[in-house]
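Following: one structure in structure tokens, then a few remarks.
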Protein chains: 2
Amino acid sequence: MAADAAVQRATALTSADRAFETLRTQIVEGELAPGAPLAEVEQATRLGVSRTPVREAFARLIAAGLATERGPRTLVVSDIDADDVTALFDLRRALDEQAARLAAARAASDAPTAAAFTTLADRFRAVTSATLQADDAQRHGYYALVAEFDAALDAALTSSPYLASAIASTRVHLARVRRLARDDDARLAASAAEHGAIARAIADGDGERAAAATRLHLHEALTSIHAHLPRSGANRPKERA
Amino acid sequence: MAADAAVQRATALTSADRAFETLRTQIVEGELAPGAPLAEVEQATRLGVSRTPVREAFARLIAAGLATERGPRTLVVSDIDADDVTALFDLRRALDEQAARLAAARAASDAPTAAAFTTLADRFRAVTSATLQADDAQRHGYYALVAEFDAALDAALTSSPYLASAIASTRVHLARVRRLARDDDARLAASAAEHGAIARAIADGDGERAAAATRLHLHEALTSIHAHLPRSGANRPKERA
DNA sequence: CAAGCGCTGAATGTATACATTGAGACCATG
DNA sequence: CATGGTCTCAATGTATACATTCAGCGCTTG
């Protein structure tokens with residue numbers, strides 16, 4: 001039955017998978033603070049597995065950019081500061097603009113895609129500062145809507161898997177940034193309007209408008225984040241070779 | 001002594017590093033053909049190490065996109081066909097245009113950067129179909145010049161490490177594509193001219209011109225590659241879930 | 001008392017032994 | 001003869017034992 005299949009699939013996850021997921025979540029959620037050392041034996045005992053799956057999980061964390069090798073034999077949780085956010089957005093601008101262009105091109109020749117983004121545009125428009133109070137439930141609901149937008153974008157990028165994969169990797173880091181700089185309700189409402197504009201441009205099949213709307217959104221988001229973030233450590237020398 | 005230091009650094013490479021480098025090279029060079037299975041025991045005996053470093057090397061190959069998990073317990077060398085090339089260039093366009101823009105911005109305020117790209121522009125201009133015969137030595141020399149250009153771009157992107165890292169990952173795949181579709185000398189000469197135009201625009205600090213020149217170059221390169229490649233298997237259904 | 005040397009210990013890097021699962025072949029039976 | 005089942009085997013997944021290296025600390029000596 002379906003439950004058995006689900007269990008089967010659940011147990012098909014290896015210990016390495018679980019270790020990676022656990023560590024990834026704890027890093028993104030901030031339970032493992034930036035700079036915290038990642039020792040094999042310590043994490044192995046903590047997660048209740050041997051060192052082998054932990055090693056594999058560490059390798060994936062490094063590949064995802066969530067852990068950094070500091071020195072020859074020391075692994076730490078990646079730091080993330082204002083400069084990193086700027087650098088991350090340099091990449092996001094490149095990826096998201098192109099994604100918006102491609103999604104619009106697809107919507108122009110694929111009715112279901114266009115319909116999906118039309119629906120999303122309407123739902124984003126329904127989110128205003130009036131309906132949105134900055135309590136955690138509302139915030140969570142809004143982020144869920146953004147996640148649906150991201151999923152629609154992914155669905156429109158099936159023919160560009162390299163781009164889709166690169167975008168997916170940036171989303172992990174974005175989740176960390178969100179924890180650092182919590183959006184206020186005004187910013188959330190503005191963000192909803194910007195997302196709506198992007199979705200509408202994609203639905204209309206207007207690639208350049210979609211790219212421009214994306215650039216605008218990213219600029220506003222970056223500005224807001226920097227306003228809410230501790231000053232970039234121009235004094236504190238970054239300890240990254 | 002310097003030699004000792006070099007040896008020291010060489011021996012500091014772990015078996016996993018060597019295994020990864022060997023496998024990566026052999027995949028890029030085509031010694032390990034696309035679709036070839038990667039078995040732990042087989043590669044371990046072949047490379048003269050145990051399974052543990054091989055496992056780590058496999059994990060890195062997957063992260064780099066050079067190997068793909070087919071089925072729950074089978075790893076194969078990633079395939080690469082005409083559709084993959086198109087998808088790869090969707091990503092490259094996004095990354096390289098942004099890189100050109102950022103490099104130009106840096107050149108506008110950093111004289112050494114501008115000077116470096118001026119020199120590169122001149123060297124690219126010196127490469128013409130007259131001076132370039134399509135023997136392997138010439139081709140290798142030209143690709144070395146392109147590598148210098150890439151290095152200069154990297155140097156100009158120190159403040160955008162995420163972008164630089166994403167670009168570096170695309171270069172690995174580009175090397176594989178080059179093996180599939182060897183450029184003829186006419187294409188190489190045209191490519192040199194296009195690179196020269198990009199370098200000059202960056203040196204002039206003109207970001208939009210640099211981005212446009214990049215887009216043009218990528219379009220021409222993609223067209224040339226597709227002309228030299230076996231037809232995209234629209235009939236052969238791609239076996240990628 | 002300070003400086004340099006060596007030692008100890010804990011961590012990673014590697015190898016190998018054990019567990020488990022999946023595929024393929026062979027045999028039995030309808 | 002085809003089909004289903006079981007059995008074997010080989011490969012991955014995991015755990016653990018061994019090797020190696022580096023950091024911290026104490027001791028010795030000038």
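Since the model is a prediction, treat every value here as computed from it, not as a measurement.
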Fill in: Interatomic distance, A:E69 CD vs C:dA11 P [rounded to whole Å]
18 Å
Worksheet item: Counting N and O atoms only, with roles assigned by atom type, does the side chain of A:Q98 sit under 3.5 Å from a partner on the main chain of B:D90, one being a donor and the other an acceptor?
Response: yes
Worksheet entry | Nearest atoms (heavy-atom pairs only) where A:R176 meets A:P34 | NH2-CG, 3.6 Å
Worksheet item: Above 12 or not: heavy atoms from other molecules or residues under 6.0 Å from NE2 of B:H228?
Response: yes
Practice prompt. Specify the separation, in whole Å, of atom CG of A:D17 and atom C1' of D:dT12.
Written response: 13 Å
Worksheet entry | Short side-chain to backbone donor-acceptor contact, B:R18 and B:L47, under 3.5 Å | no
Discussion item. I want to check a possible cation-pi pair here: A:R92 against A:F89, using under 6.0 Å from ring centre and within 45° of the ring axis as the test.
Written reply: yes
Worksheet item: Do you know which two heavy atoms are closest between B:A156 and B:T113, and how far apart they sit?
Response: CB-CG2, 4.2 Å
Worksheet, complete the sentence: Rounded to whole Å, CZ of A:R55 lies from P of C:dA15 at a distance of 11 Å
Response to the item:
Counting primed atoms, P, OP1 and OP2 as sugar-phosphate and everything else as base, the B/S/- map of nucleotides 16-21 of chain C against protein heavy atoms under 4.0 Å is BB--BB
Worksheet item: Which residue pairs pass the salt bridge (charged side-chain N to carboxylate O under 4.0 Å, His left out) test with at least one member in residues 153-171 of chain B, sequence neighbours excluded?
Response: B:D150-B:R171, B:D154-B:R171
Worksheet item: In whole angstroms, how far is the P atom of D:dT12 from the CD atom of B:E56?
Response: 17 Å
Worksheet entry | Residue-level proximity of residues 37-49 of chain B to DNA chain C when a heavy atom falls under 4.0 Å | B:V49
Discussion item. Run the side chain to side chain donor-acceptor pair (under 3.5 Å) test on A:T158 and A:R106 for me, step by step, so that the C-alpha distance in whole Å, both residues' side-chain angles and the decisive distance to 0.1 Å come before the verdict.
Written reply: CA-CA 10 Å; A:T158 49; A:R106 177 169 180 131; 3.0 Å; yes
Worksheet item: Mapping A:P53 and A:P72 onto DNA chain D by nearest heavy atom, which one lands closer to the 5' end?
Response: A:P53
